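Quick note: residue numbers are just sequence positions, from 1. Small disclaimer: the values here were computed from a predicted structure and weren't measured.
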Amino acid sequence: MNRTEVAALLAYAVRLDPRLAPDDQADAEERLDQWLELLADVPPTAPHPDGRDWNAAHVVKHHIASSPYRIQPSDVSRPWFAFKADTLGRHTDPVPPVNPDDAKAYRAALAGTRRAIATGQAAPAVYRELTGGSTREERNEFAAARLAALGDYVPRTVRKQLTPWRRTQDQREQLAEAGRPDPLNVPCPHPPCRAAANRPCQQGTKRRTDRATPHPSRLDAATAQYTPQEHAA
């Protein structure tokens with residue numbers, strides 16, 4: 001802020017808290033010099049990627065409304081430096097519109113962009129196409145939506161390569177493609193087994209292990225429940 005902007009901010013503070021009124025002109029000039037020295041690097045306003053823009057007047061108002069202590073210029077400068085650090089931390093350097101082979105010009109362009117953000121003259125660049133948002137919550141929602149859209153699709157060439165390690169799933173996919181009933185869609189009715197739907201049939205009594213094929217009664221149960229309309233759907 002320049003001297004005029006700091007003077008306006010100080011007058012606003014005095015209007016909200018009359019205790020800050022100077023005793024005389026000399027006191028007013030001294031206080032203005034003090035505030036200007038600490039707030040010369042603080043802009044009156046600055047943008048934020050989340051919409052929580054910086055406004056020095058709002059900081060003054062909040063302090064006077066919430067603190068019993070008289071406001072000092074450091075009560076404005078400290079929040080600004082925290083705001084600036086947060087804003088710069090969210091910034092992703094865009095590709096400068098200069099020849100990348102000109103290293104000096106390229107670095108100068110990057111530094112100029114960062115300087116503009118640090119002084120509140122420009123908003124940080126946040127690539128939502130890549131991050132899905134500027135907050136952790138937005139990025140988590142973005143990732144969840146992308147995963148839901150992609151599902152568990154695996155290219156056919158990859159599926160075939162994975163067949164030795166996913167035989168059961170491969171057999172179920174082949175049945176679905178052929179329009180035939182899938183025994184694993186229903187629980188196994190065989191008393192010693194009673195495997196739940198989508199679980200392989202079991203064999204053995206003390207040490208139960210997965211069967212390579214479903215029990216015949218399970219295939220019968222799946223066939224009885226299967227209809228051509230189910231496959232068409």
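No more than 12 heavy atoms of other residues, nucleotides or ligands sit less than 6.0 Å from atom CZ of R199.
For the pair D182 and A222, the tightest heavy-atom approach, listed with the atom from each and the gap, is O-CB, 3.6 Å. Considering all non-hydrogen atoms of both residues, S74 and L38 come closest at N-CD1, 4.1 Å. The two atoms that bring E5 and N2 nearest to each other are N-OD1, 2.8 Å, heavy atoms only. A pairwise comparison of heavy atoms in P73 and W35 identifies CD-NE1, 3.5 Å as the closest pair. Of all heavy-atom pairs spanning Q202 and D210, the tightest one is NE2-OD1, 2.7 Å. Here the closest non-hydrogen pair linking R194 and P191 is CG-O, 3.3 Å.
At least one side-chain heavy atom of I71 sits less than 4.5 Å from a side-chain heavy atom of V76. A 4.5 Å side-chain heavy-atom check between K61 and L16 finds at least one atom pair inside the cut-off. Two residues are said to be in side-chain contact when any heavy atoms from C-beta on lie closer than 4.5 Å; W54 and P44 fail this criterion. Side chains of T45 and D53 form no contact here, defined as non-hydrogen atoms less than 4.5 Å apart.
In summary, the side chains of N185 and R218 do not present any donor paired with an acceptor at a separation below 3.5 Å, with no hydrogens or angles considered. Judged purely by distance below 3.5 Å, without hydrogens or angles, the side chains of D86 and H48 pair a donor atom with an acceptor atom.
One finds the CG atom of L175 at 9.0 Å from the CZ atom of R172 (value rounded to the nearest 0.5 Å). The CD atom of E37 sits 11.0 Å away from the OG atom of S77 when rounded to the nearest 0.5 Å. Distance check: H63 NE2 to R70 CZ gives 11.0 Å after rounding to the nearest 0.5 Å. Between L39 atom CG and Q34 atom CD the span is 9.5 Å, to the nearest 0.5 Å.
Side-chain atoms of D75 come within 3.5 Å of backbone atoms of Q72 as a donor-acceptor pair (strictly under, hydrogens ignored). No donor-acceptor pair under 3.5 Å is formed between the side chain of W80 and the backbone N or O of P43.
Following chains of ILVMFWY side-chain contacts shorter than 4.5 Å, one cannot reach L184 starting from V186, and the two form parts of different hydrophobic clusters. Cluster membership check: Y12 shares its hydrophobic cluster with V59, using side-chain heavy-atom separations under 4.5 Å among Ile, Leu, Val, Met, Phe, Trp and Tyr.
Paired with P22 under the rule side chain to side chain contact (heavy atoms under 4.5 Å, CB included), one option of D27, L10, L32 passes, and it is D27. Checking each of P183, P214, C201 against C188 for a side chain to side chain contact (heavy atoms under 4.5 Å, CB included) leaves exactly one that passes, namely C201.
Under 4.0 Å is where a charged nitrogen must lie from a carboxylate oxygen, and between R3 and E29 at least one such pair does.
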